[in-house]
Amino acid sequence: MMLLLLRRGQHSLQQRAFTSLRSAQVTLRPTRCWSAISLSSAQHVDTAASSRHSNILQNRRFGLSRHPDPLSPLVDLNTVKPEDDDVDDAAIDPLSGDDDKTKVLTADELEYASLKEATRKWVDANRDDDDDGGLDFNDFFSSKKSAPEDDNDAPLAFLSKRKRMSSPAEREYREKQAAVQKELDSRTGRLWEERWVITDEEWMSTDTWEDIEEWSLKMVTRKSLESVRVWDDGVPTLEQLSTLPLPPSLQPHPGHGTPALHAAARKKHLSKRLRTAIQLAIADDLKRILALSSWEEKQEGVDALFEVIEERVREKEPILAKLPDFSERVVDGLEQVLRMVRGRVRVAKKGSVVSAADASGSTDGNENGTSLETGEMTPENIEYAIDVMEVNKEAPVPIFMDLLQLAQQPPSTSAADDDSSDNELQTKKSISEFFLRSNEAGVPNLVYPLNVHHNEGTGRMVEEWELAANKETKRIMMRDGMKEIARRVVEAANCCGGEVEDRKKSAVRVFVTGKRGVGKTATLAGLVASARVSGHIVVYLPDGDRLRKHGFYIEPCPHRKGLYNLPEIAKEFCEQLLTSHGNDLCEMSVTKEDIKEFLSEEQINRLFSRAKDDSDGQEASGTSSDELSLDKILNVGMGSTSLSSGCYGAVISALMNQKKKPFTVVMDEFNCYYDHGHYFHMDYDENVRKAIPINKITIFKPFIDAMGLYPAVAGNEITKDDSLGEFSPMMNWGSIIVGMSESRAVRQSFTKALTESALAQSQHEVNPVHVVDLQRFSDVEVQHILYNFEITGIGRLRFDRGYTTLNPEEVEYLRMVSGGLGQPLLDACMLP
């Protein structure tokens, strides 16, 4: 009982002292820190559970905390680690200052000692030098500090040390962190060191924009100038484009949804690689075998090849040698190579025999092929027969078309005229002067109406031209996808073979797809330029996303029930077609009977009246009482809101039904027309909830019907049952080429359904849709794109003087970060 009273009295004394300190607004920073130290020192004290609980309650009541005050001096709190099993239950007495003497402290002693020591340190810190015992409680914010003269006399003197000694574990951790940071600093991904900070010299530099050296072709490396090939005449015709030797693109990636195509392409690549190694391994043996005279000796030589071919190919292709069926692959590959060599030998011997017969005047031949055995093999024929994998043949490289170089071509001489075909000469003479110029933004008119959008532009091709320092060239790289489209147009439409009979003139539909950034916009623009050089009348709609929702207003067609007009867009189309092909349209005309389908009688009279006023009554200009030339109709349509839609429809109908000149339609962002509609009218839906289908708008209807792909209801996904297929009303002579867009806000399900419907129609025997899937850039294409960037002065390649293009590691890095796509590659070249 007496002990309990003493403890209560002691607690009461502590409570009164603590209350007086708090009334004076004293901050017990050392107390909190010492409390944490005391608790950490005594956490191995073997006491009862009740004592621990009482200690926690008392700590809370006295404002003590287990956590050190962040504003208190830093000290080492890890005096005793809980994980040490060999530590005795006795704790070191922090008040005695003697490390050898141990004592078991109770919770009351720890709290009393912490409170007493904290009070003493606060009094010492606020005592004046001339005052021995006075304590000014009103000046507790005083900056006066007093420290014990002797550290040994102050048991808590180590609390005043601001710097804490690092433990071995902390030092080891910091060393590891420093090593990791050093290793990260050494990483750049480009195999050289980069400066991560701006030096003082750069900060203090006074250079301005005017001090930067002007770009010129002298900064371009000789390697880039010699590697990049540009078409001699600037832009090739479709026929020339269809026969260009161009390198293949990358094969489809398995992660793009076509793993079967990737597997087939990979298998084909491995087979070609194996046959190439076989040819290199047996080249000398084949020369020796072909030089033998008897058939038995040749057969023995071939048998000897089968015995040694596996080891030779294993040395040349150690990776392929690890395939489980390597032996069977080598034997099959050798048989294929020998068959191809035999075929070439027959062709070479037949050519030599024919030449000898022509020289001697003899026409005798052996139908059974014995003449092949008697022919002689020259060294050139032997090299040709052996090189079945075309190892010695120069690998094809990309070729660029230059839209501005077409205007810089000098007039052809008579000698050049004799060497050129009549079709090429007629094409060169038919090029309008308008196509030889450029607009205010620097975009060549050969791809008119493609222009720089005031907000975002069309694709990245125009942006590349804007960022280039060399303004004297506008280039587009011709790829295998562009070549495939040109081949389809030339073969199916027969539009580039000079004089063509009417029965051989036809039309073709091409559907262009591909991942975002592979160059669909550049491909379509290149085809537009090539088609116009070839003499085609081209309607080019590069911005389908704008046309499908920014038509200003829509109104019902008064003459064609169930259809709707976009008058402002129709005026724009009339102006574009008249500006680009006015010289060609003046030679074509339509009658009043042809126009009645698109305009009423009153509108036709107004059309002829305005056309007559514009031509001042001269019939030679294309105006008569019953006929009007197409250019006059477009001229009236571009100035009249009420007549624009009918005039444009009449001209497009006339172009699709004529066979004087091939008519080509190129539409970019074609999938935007199949998204949710943006044109509404009460005449179509009384509640104005359903959008008007795209094939019910007069200016789009001819092109959508010609392509034969549209859903029954606007905003619904298209299916193969909704399309017209082989019965779609195509133009009589020409082509329609449409391209998808992956950069516009169109739901993927619409694009996917449209592509699947086009693939379904590609199986039709009559009038199929030819689907061309553009792939990523190959390694050689990426290399030549970088060469072209350096020549035209784009991004950081403008002043690096070949440091990027001549560095294989940097070229591989740019190819890797871009993924073989044009847009990311341009972005990567813009960063320093």
Side-chain angles (χ1 to χ4, degrees), residues 249 252-262 453 456-461 481 484-485 509-525 527 540-550 665-679 691-695 697 700 703-725 728 736-763 768-776 819-824:
S249 302
H253 194 277
H256 292 167
T258 55
L261 295 178
H262 174 79
H453 195 272
E456 55 191 7
T458 304
R460 290 295 182 92
M461 182 189 61
E484 176 67 16
I485 299 173
R509 299 181 294 170
V510 182
F511 186 92
V512 183
T513 183
K515 295 296 179 181
R516 179 178 181 179
V518 297
K520 296 184 293 295
T521 299
T523 298
L524 295 181
L527 290 170
Y540 185 26
L541 306 180
D543 48 355
D545 185 60
R546 179 184 69 89
L547 298 176
R548 58 124 176 186
K549 57 185 178 182
H550 296 312
V665 179
V666 180
M667 303 177 67
D668 199 0
E669 301 176 356
F670 188 68
N671 55 329
C672 295
Y673 298 104
Y674 294 82
D675 196 10
H676 296 289
H678 290 73
Y679 297 119
I692 300 175
I694 197 68
N695 62 313
I697 301 177
F700 301 133
F703 310 137
I704 301 299
D705 290 346
M707 199 65 197
L709 298 170
Y710 55 81
V713 180
N716 291 356
E717 295 181 3
I718 186 174
T719 62
K720 59 183 179 180
D721 298 331
D722 298 330
S723 58
L724 297 179
S728 58
I736 178 170
I737 307 171
V738 300
M740 302 296 100
S741 175
E742 297 289 340
S743 59
R744 300 302 181 186
V746 180
R747 201 171 72 185
Q748 283 293 329
S749 60
F750 288 115
T751 303
K752 183 179 179 181
L754 182 61
T755 304
E756 292 177 351
S757 180
L759 289 173
Q761 291 197 27
S762 64
Q763 306 299 326
V769 175
H770 301 282
V771 180
V772 177
D773 189 6
L774 298 182
Q775 301 298 330
R776 299 170 296 154
L821 301 176
Q823 291 183 7

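The ring-ring contact (aromatic ring centres under 6.0 Å, His included) search around His253 returns His256, not counting sequence neighbours. Residues passing the side chain to side chain donor-acceptor pair (under 3.5 Å) test with Gln763: none are found, sequence neighbours excluded. By the side-chain contact (heavy atoms from CB on, under 4.5 Å) test, Leu541 pairs with Val539, Leu547, Phe573, Met667, Tyr673, Phe703, sequence neighbours left out. Residues that satisfy the ring-ring contact (aromatic ring centres under 6.0 Å, His included) test with His678, not counting sequence neighbours, are absent from this structure. Listed by chain and residue number, nothing satisfies the side chain to side chain donor-acceptor pair (under 3.5 Å) test with Thr755 (two or more places apart in sequence, or in another chain). For Tyr679, there are no ring-ring contact (aromatic ring centres under 6.0 Å, His included) partners, not counting sequence neighbours. Legend: residues meeting side chain to side chain donor-acceptor pair (under 3.5 Å) with Arg548, ordered by chain and number and at least two apart, are Asp545, Asp675. Remark: Gln775 engages Asp773 in a side chain to side chain donor-acceptor pair (under 3.5 Å) (not counting sequence neighbours). Annotation: side-chain contact (heavy atoms from CB on, under 4.5 Å) contacts of Ala525 (sequence neighbours excluded): Val447, Leu450, Met461, Ile476, Tyr540.
Here OG1 of Thr523 is found 4.5 Å from CG of Leu774. Values are rounded to the nearest 0.5 Å. Atom CG of Asp668 sits about 4.0 Å away from atom OG1 of Thr521, to the nearest 0.5 Å. Taking CD from Glu742 and NZ from Lys520, the interatomic distance works out to 5.5 Å, rounded to the nearest 0.5 Å. Residue Ile737 holds its CD1 atom at 5.0 Å from CG of Leu527, rounded to the nearest 0.5 Å. In this structure, the separation between CG on Asn671 and NZ on Lys752 is 15.0 Å, given to the nearest 0.5 Å. The SG atom of Cys672 sits 12.0 Å away from the CZ atom of Arg546 when rounded to the nearest 0.5 Å.
Across all their heavy atoms, Pro768 and Ser762 have their closest contact at CB-O, 3.8 Å. Nearest heavy atom pair, residue Gly481 against residue Val772, reads O-CG1, 4.0 Å. A pairwise comparison of heavy atoms in Ser743 and Arg516 identifies CB-NE, 3.7 Å as the closest pair.
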Audit row: Met707, Val769, side chain to side chain contact (heavy atoms under 4.5 Å, CB included) steps and yes/no: CA-CA 8 Å; Met707 199 65 197; Val769 175; 4.0 Å; yes
Just do the side chain to side chain contact (heavy atoms under 4.5 Å, CB included) check on Arg776 and Lys515 with the steps written out, would you? CA-CA 8 Å; Arg776 299 170 296 154; Lys515 295 296 179 181; 6.0 Å; no
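Residues Phe670 and Met740 meet the side-chain proximity criterion, which asks for heavy atoms closer than 4.5 Å.
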